[in-house]
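Data first, discussion second: the structure below is written as C-alpha coordinates.
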Amino acid sequence: MATKLPPLGPWIRRLPRNPAFWYVAALAAMWPVLRLLPPERVHALRTWASTDLGNLRLWPDGHPIESLTVSVFVPQDTIWVWPVFALSLFAVVGALGARRAVASVALVHVAATALTEGLVRWRIEHGSLPAEAAHAMDTGPSYVVVTALTLAATRARPAWSRAVWLLMLAVAAPALLAGLPDGETAAVGHLASLLAGLALAAAHRFGLPPLRRRPHAAPLREPGSTDPDPRPERVPSR
(Lines give C-alpha, C1' and ligand atoms only; values in the text may rest on other atoms or scores of the structure.)
Protein backbone atom coordinates (compact mmCIF):
# COMPACT_ATOMS: atom_id res chain seq x y z
CA MET A 1 0.00 0.00 0.00
CA ALA A 2 1.46 3.35 -1.03
CA THR A 3 2.31 5.81 1.70
CA LYS A 4 0.52 9.10 1.39
CA LEU A 5 2.94 12.02 1.46
CA PRO A 6 2.07 15.10 3.53
CA PRO A 7 0.95 18.14 1.54
CA LEU A 8 3.69 20.60 0.59
CA GLY A 9 1.50 23.69 0.87
CA PRO A 10 1.87 24.33 4.63
CA TRP A 11 5.63 23.65 4.46
CA ILE A 12 6.10 26.11 1.61
CA ARG A 13 4.04 28.76 3.40
CA ARG A 14 6.29 28.42 6.45
CA LEU A 15 9.50 28.93 4.46
CA PRO A 16 9.45 32.77 4.50
CA ARG A 17 9.30 32.66 8.31
CA ASN A 18 12.44 30.56 8.50
CA PRO A 19 15.71 32.56 8.69
CA ALA A 20 17.59 29.61 7.20
CA PHE A 21 15.61 30.05 3.97
CA TRP A 22 16.66 33.69 3.61
CA TYR A 23 20.29 32.99 4.40
CA VAL A 24 20.55 30.14 1.90
CA ALA A 25 18.71 32.24 -0.69
CA ALA A 26 21.07 35.18 -0.14
CA LEU A 27 24.15 32.98 -0.54
CA ALA A 28 22.70 31.43 -3.67
CA ALA A 29 21.93 34.89 -5.10
CA MET A 30 25.46 36.07 -4.32
CA TRP A 31 26.89 33.43 -6.66
CA PRO A 32 25.68 35.05 -9.93
CA VAL A 33 26.16 38.54 -8.49
CA LEU A 34 29.87 37.97 -7.84
CA ARG A 35 30.22 36.34 -11.26
CA LEU A 36 28.53 39.17 -13.16
CA LEU A 37 30.00 42.18 -11.39
CA PRO A 38 33.20 43.68 -12.80
CA PRO A 39 36.31 42.45 -10.92
CA GLU A 40 37.02 45.90 -9.49
CA ARG A 41 33.51 46.07 -8.01
CA VAL A 42 33.86 42.61 -6.49
CA HIS A 43 37.20 43.60 -4.97
CA ALA A 44 35.71 46.81 -3.57
CA LEU A 45 32.80 44.89 -2.03
CA ARG A 46 35.06 42.31 -0.42
CA THR A 47 37.44 44.98 0.83
CA TRP A 48 34.58 46.91 2.47
CA ALA A 49 32.99 43.76 3.96
CA SER A 50 36.29 42.30 5.18
CA THR A 51 36.45 41.67 8.93
CA ASP A 52 40.08 42.78 9.14
CA LEU A 53 41.58 44.93 11.87
CA GLY A 54 41.16 48.07 9.81
CA ASN A 55 37.42 47.65 9.27
CA LEU A 56 36.81 46.43 12.82
CA ARG A 57 38.00 49.71 14.32
CA LEU A 58 35.30 51.83 15.89
CA TRP A 59 33.60 54.58 13.91
CA PRO A 60 34.57 56.79 12.12
CA ASP A 61 37.85 54.97 11.41
CA GLY A 62 36.11 51.65 10.72
CA HIS A 63 32.69 50.04 10.38
CA PRO A 64 32.67 46.91 12.58
CA ILE A 65 28.96 46.06 12.62
CA GLU A 66 28.55 46.53 8.89
CA SER A 67 31.56 44.36 8.03
CA LEU A 68 30.61 41.64 10.53
CA THR A 69 27.11 41.52 9.03
CA VAL A 70 27.87 41.72 5.32
CA SER A 71 30.96 39.46 5.36
CA VAL A 72 28.88 36.32 6.06
CA PHE A 73 27.17 36.81 2.67
CA VAL A 74 30.33 37.36 0.59
CA PRO A 75 32.38 34.18 -0.05
CA GLN A 76 35.89 34.45 -1.40
CA ASP A 77 36.13 31.13 -3.25
CA THR A 78 34.13 27.99 -4.10
CA ILE A 79 31.06 30.23 -4.07
CA TRP A 80 28.66 27.50 -5.22
CA VAL A 81 29.36 25.17 -2.28
CA TRP A 82 28.35 27.52 0.54
CA PRO A 83 24.58 27.50 -0.10
CA VAL A 84 24.72 23.69 -0.05
CA PHE A 85 26.51 23.60 3.31
CA ALA A 86 24.25 26.37 4.64
CA LEU A 87 21.23 24.07 4.22
CA SER A 88 22.31 22.70 7.61
CA LEU A 89 20.77 25.84 9.13
CA PHE A 90 17.33 24.35 8.47
CA ALA A 91 18.24 21.49 10.81
CA VAL A 92 19.59 23.93 13.39
CA VAL A 93 16.40 25.99 13.32
CA GLY A 94 14.40 22.78 13.69
CA ALA A 95 16.44 21.74 16.73
CA LEU A 96 16.95 25.08 18.52
CA GLY A 97 14.18 27.30 17.19
CA ALA A 98 14.64 30.31 14.92
CA ARG A 99 15.76 32.85 17.52
CA ARG A 100 18.21 30.56 19.27
CA ALA A 101 19.63 29.33 15.97
CA VAL A 102 20.29 32.86 14.70
CA ALA A 103 21.70 33.98 18.07
CA SER A 104 23.97 30.93 18.28
CA VAL A 105 25.58 31.19 14.85
CA ALA A 106 25.85 34.99 15.08
CA LEU A 107 27.55 34.77 18.48
CA VAL A 108 30.05 32.21 17.23
CA HIS A 109 30.75 34.27 14.10
CA VAL A 110 31.54 37.35 16.19
CA ALA A 111 33.57 35.41 18.76
CA ALA A 112 35.61 33.50 16.15
CA THR A 113 36.31 36.73 14.27
CA ALA A 114 37.42 38.45 17.47
CA LEU A 115 39.69 35.50 18.26
CA THR A 116 41.35 35.35 14.84
CA GLU A 117 41.78 39.09 14.44
CA GLY A 118 43.11 39.30 17.99
CA LEU A 119 45.64 36.64 17.00
CA VAL A 120 46.59 38.69 13.93
CA ARG A 121 47.13 41.77 16.05
CA TRP A 122 49.23 39.84 18.58
CA ARG A 123 51.41 38.38 15.81
CA ILE A 124 51.88 41.82 14.21
CA GLU A 125 52.95 43.29 17.54
CA HIS A 126 55.43 40.46 18.05
CA GLY A 127 56.86 40.69 14.54
CA SER A 128 55.67 37.34 13.15
CA LEU A 129 53.35 39.09 10.67
CA PRO A 130 53.90 42.28 8.67
CA ALA A 131 51.83 45.36 9.43
CA GLU A 132 49.95 44.89 6.14
CA ALA A 133 48.27 41.82 7.64
CA ALA A 134 45.98 44.20 9.54
CA HIS A 135 44.20 44.80 6.21
CA ALA A 136 44.26 41.23 4.86
CA MET A 137 40.93 40.42 3.22
CA ASP A 138 38.72 38.22 5.39
CA THR A 139 35.16 37.55 4.24
CA GLY A 140 32.93 34.51 3.96
CA PRO A 141 30.27 32.43 5.69
CA SER A 142 32.63 29.70 6.90
CA TYR A 143 32.36 30.40 10.66
CA VAL A 144 28.56 30.41 10.43
CA VAL A 145 28.48 27.28 8.24
CA VAL A 146 30.94 25.29 10.37
CA THR A 147 28.88 26.08 13.48
CA ALA A 148 25.65 25.12 11.70
CA LEU A 149 27.09 21.86 10.34
CA THR A 150 28.38 20.93 13.81
CA LEU A 151 25.03 21.64 15.44
CA ALA A 152 23.15 19.79 12.70
CA ALA A 153 25.49 16.78 12.93
CA THR A 154 24.78 16.49 16.66
CA ARG A 155 21.24 17.80 17.22
CA ALA A 156 19.29 17.44 13.95
CA ARG A 157 15.93 15.70 13.98
CA PRO A 158 15.21 12.97 13.01
CA ALA A 159 18.37 11.43 14.43
CA TRP A 160 19.26 9.55 11.22
CA SER A 161 19.63 12.86 9.35
CA ARG A 162 22.64 13.70 11.53
CA ALA A 163 24.68 11.28 9.45
CA VAL A 164 24.12 13.47 6.36
CA TRP A 165 25.41 16.60 8.09
CA LEU A 166 28.28 14.71 9.71
CA LEU A 167 29.34 13.49 6.27
CA MET A 168 29.21 17.03 4.87
CA LEU A 169 31.24 18.31 7.82
CA ALA A 170 33.80 15.56 7.28
CA VAL A 171 34.06 16.47 3.59
CA ALA A 172 34.62 20.17 4.38
CA ALA A 173 36.91 19.72 7.40
CA PRO A 174 40.22 18.93 5.59
CA ALA A 175 40.05 22.13 3.53
CA LEU A 176 38.83 24.27 6.43
CA LEU A 177 41.52 23.05 8.84
CA ALA A 178 44.36 22.74 6.31
CA GLY A 179 46.41 25.64 7.68
CA LEU A 180 46.02 24.77 11.35
CA PRO A 181 49.55 23.34 11.89
CA ASP A 182 51.00 26.63 10.56
CA GLY A 183 48.73 28.76 12.75
CA GLU A 184 46.72 30.12 9.83
CA THR A 185 44.13 32.44 11.33
CA ALA A 186 41.20 31.19 9.23
CA ALA A 187 41.90 27.58 10.23
CA VAL A 188 42.04 28.65 13.88
CA GLY A 189 38.66 30.34 13.45
CA HIS A 190 37.18 27.22 11.85
CA LEU A 191 38.41 25.06 14.73
CA ALA A 192 36.98 27.56 17.22
CA SER A 193 33.64 27.50 15.39
CA LEU A 194 33.54 23.71 15.46
CA LEU A 195 34.33 23.60 19.20
CA ALA A 196 31.75 26.30 19.88
CA GLY A 197 29.16 24.32 17.93
CA LEU A 198 29.91 21.25 20.06
CA ALA A 199 29.58 23.34 23.23
CA LEU A 200 26.22 24.72 22.08
CA ALA A 201 25.04 21.22 21.19
CA ALA A 202 25.99 20.01 24.69
CA ALA A 203 24.19 22.96 26.25
CA HIS A 204 21.07 22.11 24.27
CA ARG A 205 21.36 18.41 25.06
CA PHE A 206 21.70 18.86 28.83
CA GLY A 207 19.46 21.90 29.15
CA LEU A 208 22.15 24.25 30.38
CA PRO A 209 21.51 28.02 30.37
CA PRO A 210 20.76 29.95 28.24
CA LEU A 211 19.05 27.23 26.18
CA ARG A 212 16.84 25.85 28.94
CA ARG A 213 13.46 27.47 29.30
CA ARG A 214 12.54 28.60 32.76
CA PRO A 215 9.34 27.11 34.15
CA HIS A 216 6.50 29.53 34.70
CA ALA A 217 6.11 30.44 38.34
CA ALA A 218 2.73 29.82 39.97
CA PRO A 219 0.74 33.00 40.68
CA LEU A 220 0.96 34.31 44.24
CA ARG A 221 -2.15 34.12 46.40
CA GLU A 222 -3.18 36.48 49.12
CA PRO A 223 -3.20 35.08 52.67
CA GLY A 224 -6.55 33.54 53.53
CA SER A 225 -7.75 33.37 49.94
CA THR A 226 -9.29 30.19 48.58
CA ASP A 227 -8.95 28.62 45.22
CA PRO A 228 -12.32 28.58 43.44
CA ASP A 229 -11.25 25.45 41.59
CA PRO A 230 -9.11 23.44 44.03
CA ARG A 231 -6.96 20.75 42.49
CA PRO A 232 -4.46 18.37 44.06
CA GLU A 233 -0.92 19.70 44.17
CA ARG A 234 1.48 18.10 41.75
CA VAL A 235 4.56 16.51 43.30
CA PRO A 236 7.69 17.89 41.61
CA SER A 237 9.47 15.34 39.46
CA ARG A 238 13.07 14.49 40.31
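Residues take their numbers from the sequence shown, with the count starting at 1. Note that the structure is predicted; figures quoted are calculated from it, not measured.
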If you measure from [atom1] on [X] to [atom2] on [Y], what distance do you get to the nearest 0.5 Å?
X	Y	atom1	atom2	value
Leu107	Leu200	CG	CG	7.0 Å
Thr185	Leu115	OG1	CG	9.5 Å
Ser142	Asp77	OG	CG	9.5 Å

Verify, without hydrogens or angle tests, whether [X] (side chain) and [Y] (backbone) share a donor-acceptor contact under 3.5 angstrom.
X	Y	result
Arg162	Ala156	yes
Asn18	Phe90	no
His109	Thr69	no
Ser50	Arg46	no
Thr139	Pro75	no

side-chain contact (heavy atoms from CB on, under 4.5 Å) partners for [X], two or more places apart:
X	result
Trp80	Trp31
Val84	Met168
Val92	Leu96, Ala101, Ala148, Leu151, Ala152
Ala133	Val120, Ile124, Leu129

Listing, residues 174-182 side-chain donor-acceptor contacts under 3.5 Å, not counting sequence neighbours, or none:
none

Practice item. Could you tell me whether Ile65 atom CD1 has more than 12 heavy atoms of other residues or ligands within 6.0 Å of it? Key: no
Review point. Hey, are the side chains of Leu27 and Ile79 touching, using non-hydrogen atoms and a 4.5 Å cut-off?
Key: no
Exercise for review: Could you pull out all residues at least two apart from Thr51 that satisfy side-chain hydrogen bond (donor to acceptor under 3.5 Å, both in side chains)?
Suggested key: Asp138
For residues 32-39, run the donor-acceptor check on the side chains, cut-off 3.5 Å, and write out each pair with its distance to 0.1 Å, sequence neighbours left out.
none

Practice item. Only pairs at least two apart or in different chains count here, so list each ring-ring contact (aromatic ring centres under 6.0 Å, His included) that has a residue in residues 151-199. Key: Tyr143-His190
Review point. What pairs of residues pass the salt bridge (charged side-chain N to carboxylate O under 4.0 Å, His left out) test when at least one of them lies in residues 113-135, not counting sequence neighbours?
Key: Arg121-Glu125
Review point. Does anything in residues 52-61 pair up under salt bridge (charged side-chain N to carboxylate O under 4.0 Å, His left out), and if so which pairs, sequence neighbours excluded?
Key: none
Point to revise | Option among Leu87, Leu15, Leu89, Val93 that satisfies the side chain to side chain contact (heavy atoms under 4.5 Å, CB included) test with Phe21 | key: Leu15
Revision key, fill the gap. Using a 4.5 Å side-chain heavy-atom cut-off and chaining through intermediate ILVMFWY residues, the residues clustered with Val102 come out as none
Review point. Are the ring centres of His63 and Trp59 closer than 6.0 Å?
Key: no
Check your understanding: Phe85: what forms a ring-ring contact (aromatic ring centres under 6.0 Å, His included) with it, not counting sequence neighbours?
Key -> none
